[in-house]
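Throughout, residue positions are numbered sequentially from 1 according to the sequence presented. Atoms within a ligand are numbered from 1 in the order they appear, just like the ligands themselves.
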Amino acid sequence: MRLSDEEKAMRDGRDGPTVAAAMDLLIRYGQALGAQELVPTRNVCGTVTASTPFMRDFAATKGGLDAVFSEFNLDSATVVPLPERVRVFTSHLQLGFDPHHPADMGVSEQIVQFYARSEAMAARMGVQMMNTCTPYQVGNLPARGEHCAWMESSAVIYINSVLGARTNAEGRESTSAAMLTGRIPNWGYHLDAPRRATHGVELTIPVETVEDWGLLGYWMGDWVQDRVPVVWGLGEVPNLPRLKHFGAAASSSGGVEMYHLVGVTPEAATLEMATGGRALGEVRRYGRLEREATFEKINAHGQDRGVDYVMLGCPHYSIEQIWEAAQLLEGRRVHANTALWIWTPRAIKSLADRNGYTRIIEEAGGRIMTDSCSAMSRAVPPGTRVVALDSAKQAHYLPAILGVQAWFGTTEQCIDAACTGRWM
Ligand code: F3S
């Protein structure tokens, strides 16, 4: 791999052993990928806090947070000191629990305190504690063409496709190395050719609601897996919640990290632009039958009509979606046998507080949660057997992770289920 003088200096210890370990990791990682060089980045999204019991035990027995960072963030065989400061702008992704509702999450006070120390450490390093899978909703909005190093599949597909930024789906180790060096291997979606569409989807029905977009994304990901689809035949231009649910679904049923919508996304003003002039490998139509089959597939884990838990906010809800939920709930009560948790970034919750939406939701018996989600924290209200969701991604994961039954539908159907205790 070709290294610049600056990169060689970092590798050789000019900036201390922690940066040297980070550069060593990037070189090994880049070589394994077949990258020829590193590319500069000024925008990283990763995770550096230690929120799991396993990491807490590791810290206790192996030498504190330095040991956790060395092992889990830098893959370093020797313990290196915690970095004093990250080199480039870095946002923190979601955590393993909501530190404001630890009892609901089944998290002990001891873990909360350990986590608070680790969050303070990350903040001192200059990591922005956004604590969300949707940093693009709360201030980290990369520019078109900007090279990034991001984790989190739903965020990766959003910034590649909707914003035209450039990232691969990175991991905890590579994002940590990137935040300390401002470099990431130059391969995959950092390059032009892999971004071009390989598979085509022709819409033969209107795709309009959030539910429609979730179903289309789920169907498309299941088909193309990790290839790059281009979709045409769109009607109304989808907004942020629709694109968020579409990408999250496509990256769950498949491994899609990049897609194009002709006339909407920035690298697909035309079909020719999306494909780069190359012939598509295969084209399929998405119509009524495909939509119905996908709906049945996602709802295959639903049997009992009594709903114990309604989870909204996967990916984390926007303020628009919280507003919608508050309007649907106003003047109603969540059923005594059902819990309603709505997940969102802390920054959006503070807006919901100011706008009075939190009060409306809490007066109805629901709750706004932050920093994590049920899949990440592996936590649902005690005794939950049946869940209702408006997210195809969460409907994909929760039954597999927690063995619960799941119903998938619209936000309105989910709020109705929360208030009646039944899936209609
Ligand atoms: Fe976010 Fe959890 Fe969904 S981290 S994308 S809300 S699975």
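Proximity of Ser153 to ligand 1 is not established, as no heavy-atom distance is less than 4.0 Å. Distances shorter than 4.0 angstrom do not occur between any heavy atom of Ala248 and any atom of ligand 1.
Remark: Trp232 CH2 is packed, more than 12 non-hydrogen atoms of other residues, nucleotides or ligands lying under 6.0 Å away. The environment of CD in Glu109 is crowded: more than 12 heavy-atom neighbours from other residues, nucleotides or ligands sit within 6.0 Å.
Here is the list of ligand 1 atoms found below 4.0 Å of a heavy atom in Glu152: 5 (S). The ligand atoms of ligand 1 that sit less than 4.0 angstrom from a heavy atom of Gly313 are 6 (S). Annotation for ligand 1: atoms under 4.0 Å from non-hydrogen atoms of Gln94 are 4 (S). Taking every non-hydrogen atom of Ser154 and a distance limit under 4.0 Å, the qualifying atoms of ligand 1 come out as 5 (S).
Residues Trp219 and Val201 have side chains in contact (heavy-atom distance under 4.5 Å, counting atoms from C-beta outward). Counting only heavy atoms from C-beta outward, the side chains of Arg346 and His100 approach each other to under 4.5 Å. Here the side chains of His92 and Thr49 are in contact, with some heavy-atom distance below 4.5 Å.
Contact annotation: for Cys314 versus ligand 1, heavy atoms closer than 4.0 Å belong to both the backbone and the side chain.
The protein atom (non-hydrogen) at minimum distance from atom 7 (S) of ligand 1 is Gln394 NE2, 3.3 Å. Of the protein's non-hydrogen atoms, Cys133 SG, 2.4 Å is the one closest to atom 1 (Fe) of ligand 1. Scanning the protein for heavy atoms near atom 2 (Fe) of ligand 1, the closest one is Cys373 SG, 2.2 Å. For atom 5 (S) of ligand 1, the closest non-hydrogen atom of the protein is Lys393 NZ, 3.4 Å.
Here the options are Arg195, Arg196, Arg144, the test is side-chain hydrogen bond (donor to acceptor under 3.5 Å, both in side chains), and the partner is Glu267; only Arg195 passes. None of Tyr259, Tyr158, Tyr218 except one satisfies the ring pair (Phe, Tyr, Trp, His ring centres under 6.0 Å) rule with Phe246; the exception is Tyr259.
Ring geometry for Trp341 against Trp343 counts as perpendicular: the plane angle is over 60°, on a 0 to 90° scale with 30° as the lower cut.
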